[in-house]
Every structure is written in structure tokens, then in C-alpha cells.
Amino acid sequence: MSVDSAAKPLTRLADYRPPAWRVEAIELEFDLDALVTTVDARLRLAREHGDAAELRLDGEALELLHLDIDGRRLGPNEYTLAPGGLVIHQVPPRAVVSTRSRIRPAANSALEGVYLSGSLEDGFLLSQCEAEGFRRVTWCLDRPDVLSRYTVTLRADRARFPVLLAGGNPDGRGMLDGGRHWARFVDPTPKPSYLFALAAGHLECLEDTFVAEDGHTVRLAIWAEHAEIARCAHAMACLKAAFAWDERRFGRRYDLDVFHVVATHDFAMGAMENTGLNIFNSKYLLATPDQATDEDYRHVLAVVGHEYFHHWSGNRVTCRDWFQLSLKEGLTVYREQEFESDLASRTLRRIEDVRTLWRVQFGEDAGPLAHPVRPEQYAEINNFYTATVYDKGAEIVRMLATLLGRDGFRRGLDLYFARHDGQAVTIEDFLAALGDANDRDLSSWLAWYRHAGTPVLEVEGHHDAATRRFSLTLRQRAAKGDAVVRPVPVAVALFAGDGGRIAMREGEDAAPCRDGVLLLDAAERTWTFHGVDAPPVVSLLRGFSAPVRLADAADGTALALLARHEDDGFNRWFAGDALSRLLFAQALAHGRPDAAPFEGWIGALRAAFADASLDPAILAEMLTPADEGSLAEPLTEVDPDAVRRARERIEGGLAAALAPSLMERYEALASATEADMSPVAQARRRLRNRCLALLCCADDAGVARASRHYDEARTLTDRLAAMTCLAQAGDARAEQVLAAFAERHAADPLVLDKWFALQATIPRPGTLERVVALTLHPAFRWENPNKVYALLLAFAQRNPSVFHRPDGAGYRFIGDAVLRLDAITPQVAARLATAFGAWRRYEPLRRALMRAELFRLDARGGLSDNLADIVRRSLDAS
Ligand code: B3K
Ligand code: ZN
């Protein structure tokens, strides 16, 4: 296949047409079996638009056994089977189309449609439909704007599949002849096909109830295999918290009688929000202190919340087409962020989100895979579940919430949900509802959805001592050089030289500023503040109020002042981070950072150590310079070895300068090793482990301390922290500890994933050979996405100096892995292949090698649509 010939034709937003047919109801009957499952489908159809009698149904990997219309069997000349679908030539305006087909779950390694999790003997069956997997279940109109009522009957051998589950409310169950049984589920609310789900097998249940404010009681059931059901208690607590929070904060109630969640180890992503039957990657559901890290505990909270919040932002109000994906994902990520912020630490969650935004989304937006939050076209929609759609989409929602204020935003969302309940809508509908509820025209916000690229914010301050006025000019420049103006809320505070806040009194002639937020709604605007005695230090983008890059070369003295005195926790961290980036740039350019800003940084960190009110988790973040990927992101001609050396200088300098404080704090936090999973205990562990890691950079005593830390560890978090220090230091004890760890956790795939990832990210020359050897480890399975992500994606994304080895061996290894995976799970192969996306930003040797690797993949031919799309876009874009 050549670069020019995409395998799959493009789907374009401009070509959207409402569906010609409505599917009022779907009745599905499954005779479940791992090898061959039979699916009977009855679609009650009504023609909605046009008078064409032809009906095209989507279908993939289905074996059609027969096809009836209104009870009459169709002959072979009455329909045409084509790749990807079935065309029935004559269908009356109202008709019941029935199909019987065969599917083969155990042979389905794509992890879309119905497939088998675990072994043929005792694994269980489950489904994944978003975005276009329902067409692998049965013949259908597989598009999100076709909403239907679902009645699902499952039949199976009772001994082999004792539990039968589908979305919706239970509607009867019973025994059949021959040891078989059945169960029926009815979903009273019309839904799109991507939200269909089933699960069947040996599953055990953890049950609880949630009683809503109006007394409605929901049965909550988390299902997992026998060995894992005891690890679901945290997830249940999170689920109840999510129900309560969405009711309190956004007035959202759950309307079905049951809410099921199923855990599987075989899942290509995090989790899936199918109505009434969420399906989760075990990684985001199971958590006990010995088998999950603090980070896992928080991820479970966030993902359980996220999927539940989709019940309204996604399911009850869904997307008209897949171009609108961010309508549900951006909004739901925002809701998830708020959930965790309200329940745990707002500042910490914001720091983590912004770190990810910079590292992943800004990079994506600057490279060949860049696309608008609402793309205009796609070849393969599965490749658009990206940081741009999710995280930049959430940033847009966050800006709107900032603009409208807490109450205004709530009013807007209330109207959006009330107006569009039961509909499939667009981003325009969302903006209209938020605007109507607040008497504002928000149409200019569409610019954020329509245009790719990260805007640059230029800032100019001017102080006039005579009039005691300070004027601040903000200017926006679109990254791609176009003239698009986006509304940019810039939250600002002014600080005096002694670190005190200066009140922002605006002049009458100025553009309005509400609660310190300046709305830059033009290419350029100026605000004038009165009563300012001396040139102030401006703290910009407080709370990271807009997803933009700041243009100005940072002033080290001003940043050091903010890193000490900002009372917005995020911007205090932000200033320190900007300062460390400045030092990194100096180290990269001339081998070492300049003394004065380095002292300023260390001084601010010393002050942070002395600040008893500072959350230990935030101090830990202040002590963590950006990773190599994030530091390299704004660079051109990247040399990953040079980036690594420069970062090590900064981190090593920090460790040396602060060693006594690090040591003292490390000792003082000894009690943080207890297996207490409260946020306070987690924050203390986070700081203690950060001190440990920095002390390891400082001297050999640090490595001995890590070894002791491992022996004394009471939590998985501590054990991994110590093992990482030993492995990264190349210490002799590392191999022994790694082996003991693998033995201890041999039966636990999730913990072994961490062991794989830890080794894949050791930034030492022999790591590639280690990773190659680990692909032969008995616990590694190419069919299992978690394993692939833990070993291969972690290597490609989080070990830049080894993945980018100048001999190209890292590229060749990942290229081979991509090809191998493409024959198994194309989605996973495509995701891994994005590791080559940024090839243009590297120095000439690596650039040529990465490009050659992409050409090699392309030349192979027969690639899946998923992979072909990533390869083509990576090479194509100018
Ligand atoms: N909606 C799913 C993602 C589906 C991905 C399909 N390739 C999970 C989520 O965002 O909640
Ligand atoms: Zn989601």
C-alpha cells in the first residue's frame, strides 16, 4: 500500500445526513457459547427521511444464517452482502427485519464486538461496542444518532455461564432444558448501539445499594472473577461517592434500578460506560493496599466516577455523530476532574492534569497527528480517542465554567440535560444551552473546537510611576499562523516585590475583569489597573485558566518570587516548574544552569520545606521537574541524550543543594509507610518517596537507603518506589529485588504489569535487551493490552533515551512489535505506532531513522485500517 492510498475512505463531518431509517426497538436473543454464539436480532424499523426502499445495515465479521422481513424469509437475490454491510433492496416504510447470525467470540482478538476474556475452559464472555463494535454483534444501523429500545435475552449453559448480564433492568430469568438457563434485560430508555453490552460467565458479585435523595433505590453490583472479588471494596465506595456527588453537585440522578460493573483483564482501554453495565479494565477497578499503588487508588476513584458520569454526559444525552465525541468525553473528563478535586486535592489533580496536557496534548497538537477537538474527517474513529478530544476538550469546558461562574455553568448544564435528554446532539447544541441559560452568545467558542493547534499568549506590562497605573496587554497568536481568534480567559494576580498581593482596581476605560479573570476575546486587549505603586510581578493563567503556551521568556527573579508567595497552589507550582524549565534550557545550551535563577529556585523550595501549611503531595510535585518527554516537547532537533543529561544536571543539583532537608523530611515521614490509604497518608508517602528518589541521585548512601526502604515497605507504593530507585541507579541489588518481587506477585497480572513497566523505563543502555527478553517472560502476552502497554508502550513513551537509541534498534523493535500486534488487536497496534508520530522534531539522524521505520510499516501492506491511518497521517502531514 502506498502512502497516498488510505485503506478506508474518509468520513466527513460536512457529509452528515440524518438517518433515513429509525429503529424503534431492537430485540436480541443470544445463544451464548465461547466458540460459536448465535445471535437473533429483530429490528423494528420506520422510514424517517426520503422514500428509498433500500436499507443498508452495518455488519462485520458476522456469518449471516438467514434474513426475514415481516416474517418472510428473503431469497439471495433480495439482498446483497458487501464488505462491512448488507443491502436489502426493498423494505416497506415500516418493517421488522430479522436476522440470525453466527459470531465466534473466542477467535475475536480485536477486543471489539463479543469476545472471550480468559481461557476457553473458564473465561467469560463480554462485549465492547464503542465506537463501531455493535456491527460485530449483529446487523444494524451502527451510528450514535439511531436510538432504540433494547430487549436482550441471553441463553447459555448454566454450569459454564452461571451469570448472565446485559444493560438495562432485569426482566425475568429461568431454566431451560439440557442444563441451560436464560435471563432477559429491558432498557426502557432508547439508546445508541454503542452503549449495548453483555457479560456472561463465572463471575462473583459485590453488592450494595444507593438511595437517592428522592428515595429511589439503586442496586449496585460489581462483578469480578472469584480470585478478585475481594479487591472491589474501594471501587464500590467510589461508585457510591460518584452517585452522591453527581446528585449534589450537578443534580443528576440515575434512573435504572440496577447499575452493574464488570472487571476484565482483557480490555483495550480503561473502561466503558455502557448503560447499566459498565465494563472495566481491572486496572481501574481492583485495589487493595498490597496489590495497588496510591496512584491506582486515585485512578479507580476517577475512572469509576468518569464512567458513571457518562450516564448523563454521553448516554442520556449522546452524540449525533462521532465528530462530536468531545461533547461527551471533554465534558465527562471535566466532571471527573471536578469529582476528584472536590473529594481529594484540587491543586494536586490540577497539577497532574496540566502536566499531562503539556506532555501529551500539546505534543499531539504540534505534530502530524494534530486534529481539532471536533475533527472534520476521519478514516478510523478509534484513532480519535485522543488527548485532544479528551483533555483539550475538558479544558474548553473548564474555560466555559470559569467564564460563566459556578452557578451559571450549573444553570447551563441543567438546561443542556433537560433540553436534550433522549437526544443525539452536537457541540453547537451544548454551547447554545450554556449560552441560553446565561443570556450570552457563546458561538465564538466554536473556534476552540474547530481549529487544531495550541495558541500562544504574549504578554506586555507597562508601569507608569507618575499615575501609579499598570497596564497589561495580552495578545494571542494562533500556533499555526492562522488568524483565528479564540476567547481566552486569563486569570491574573499582581504581586509586589515583598510577595504581597496588589488589589486589582480597574480603570473605567478598561475591559471588564471579573474575579481576576481577563477575557481576551480579541487578538489583543489592554487592561489598566490603578493604584499600583511599583512595577508588579504578574502571575498569569492562575489555575491554568486556558490551554495556551506563554510566549515570553520567563524572568527568573519574578518566577522565584511567585514560587514562594503565590497563594494559588497551582500557580505556585507553575512558577517553580517554569523556573526549572528555564534552568533546563540553560543546562541544555551551555552545560549548566545559571547560578542566580538556580539559587532562586532552591530558595523557593527551601521556603516550601519550611511552610508547614503546604500539602506534602504538592511539595513532592514542586520537587519533581518535568520529565524528559515534557521538557523536549517545545524543542526542535531533539537529541534525547542531551535532554537526559541536562535534566539530570537540574535534578542532581536540586538533590545536592537540598540533601539535608530531604533527609530530615524522609526520616520525619517514616510513619507514612503504614498501609493507610487515606489521602493524607498517600500525600505523605508521595513526599517521602520523592525525597528517597532525590537522595538516590545525591550519593551512594541514598541507594543503601532505598534498599532498606524496600525491606521495610508495607505498601506496594513504597516497594515500587524503592525498586525503581535501585533499578535506575543500576545497583547490584536491583536484580535480586526484581526477582523476589516477581515471585511474590507471580499470580497477580496487575502487579506484574508494574514490574514490566518499571523495567521498561530504566534509562540505561541495556534496557532494550531487557525488554526484548521480557517479551518472552511467561507472564507477557501479546494478546493482552495491559501487558503490551506496560512493557512496550511504557518503553516507547517513557524511556526516551533508550527508545531513541542512535543505532535505531529501539525503533526497529517497536516497529516489529507494531506489525505483530496489528494481526492481533489493531487498536493496540495503532496506539503503539503513535510513538513515531513526532519524528519531525528530532535531530537529523533520529528523524531519518524514525521516518524509515514508518515507511517500513507502510510498505508492509495489508495493515489494519487503524494502523494504516496512523502511519499515513504520520507521514503525510506537511
Ligand atoms: N467511552 C470509552 C472509550 C471508548 C473507546 C473506543 N475505542 C471510555 C470512556 O471514555 O469513558
Ligand atoms: Zn469517557
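Read the numbers this way: they start at 1 and go in the same order the structure lists the ligands and their atoms.
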Would one find an N or O of Tyr390, backbone or side chain, under 3.5 Å from an N or O of ligand 1?
yes
With nothing but distance in play, are any N or O atoms of Gln128 less than 3.5 Å from an N or O of ligand 1?
no
State the atoms of ligand 1, each with its element, that fall below the 4.0 Å cut-off from a heavy-atom position in [X].
X: Met272; answer: 1 (N), 2 (C)
X: Gln827; answer: 7 (N)
X: Glu273; answer: 1 (N), 2 (C), 8 (C), 9 (C), 11 (O)
X: Met269; answer: 3 (C), 4 (C), 5 (C), 6 (C)
X: His310; answer: 9 (C), 10 (O), 11 (O)
X: Asn382; answer: 6 (C), 7 (N)
X: His306; answer: 9 (C), 10 (O), 11 (O)

Within less than 4.0 angstrom of ligand 1, does Lys328 place any heavy atom?
yes
Asn315 side-chain N/O to Lys191 backbone N/O, donor-acceptor pair under 3.5 Å:
no
Give a yes or no on whether the backbone of Gly837 and the side-chain of Thr834 come within a donor-acceptor separation of less than 3.5 Å.
no
Side-chain ion pair, [X] and [Y], N-O less than 4.0 Å:
X: Glu428; Y: Arg374; answer: yes
X: Arg249; Y: Asp342; answer: yes
X: Asp421; Y: Arg316; answer: yes

Under 30°, 30 to 60°, or over 60°: which ring-plane class applies to Tyr385 and Trp322, parallel, tilted or perpendicular?
tilted
Is it the case that Arg252 places NZ or CZ above or below the six-membered ring of Tyr308, under 6.0 angstrom from the centre and within 45 degrees of the axis?
no
Hey, are Thr318 and Tyr194 close enough side-chain-wise for a donor-acceptor pair under 3.5 Å?
yes
Any donor-acceptor pair under 3.5 Å linking the side-chain atoms of Thr293 with those of Asp296?
yes
Tell me which part of Ala268 gets within contact of ligand 1: side chain, backbone, both or neither, using heavy atoms under 4.0 Å.
neither
Can you tell me the protein heavy atom closest to atom 8 (C) of ligand 1 and the distance?
Ala271 O, 2.9 Å
Protein contact of atom 1 (N) of ligand 1 - nearest heavy atom, named by residue and atom, plus distance:
Glu130 OE1, 2.6 Å
N/O/S atom of Glu329 under 2.8 Å from the Zn ion (ligand 2), yes or no?
yes
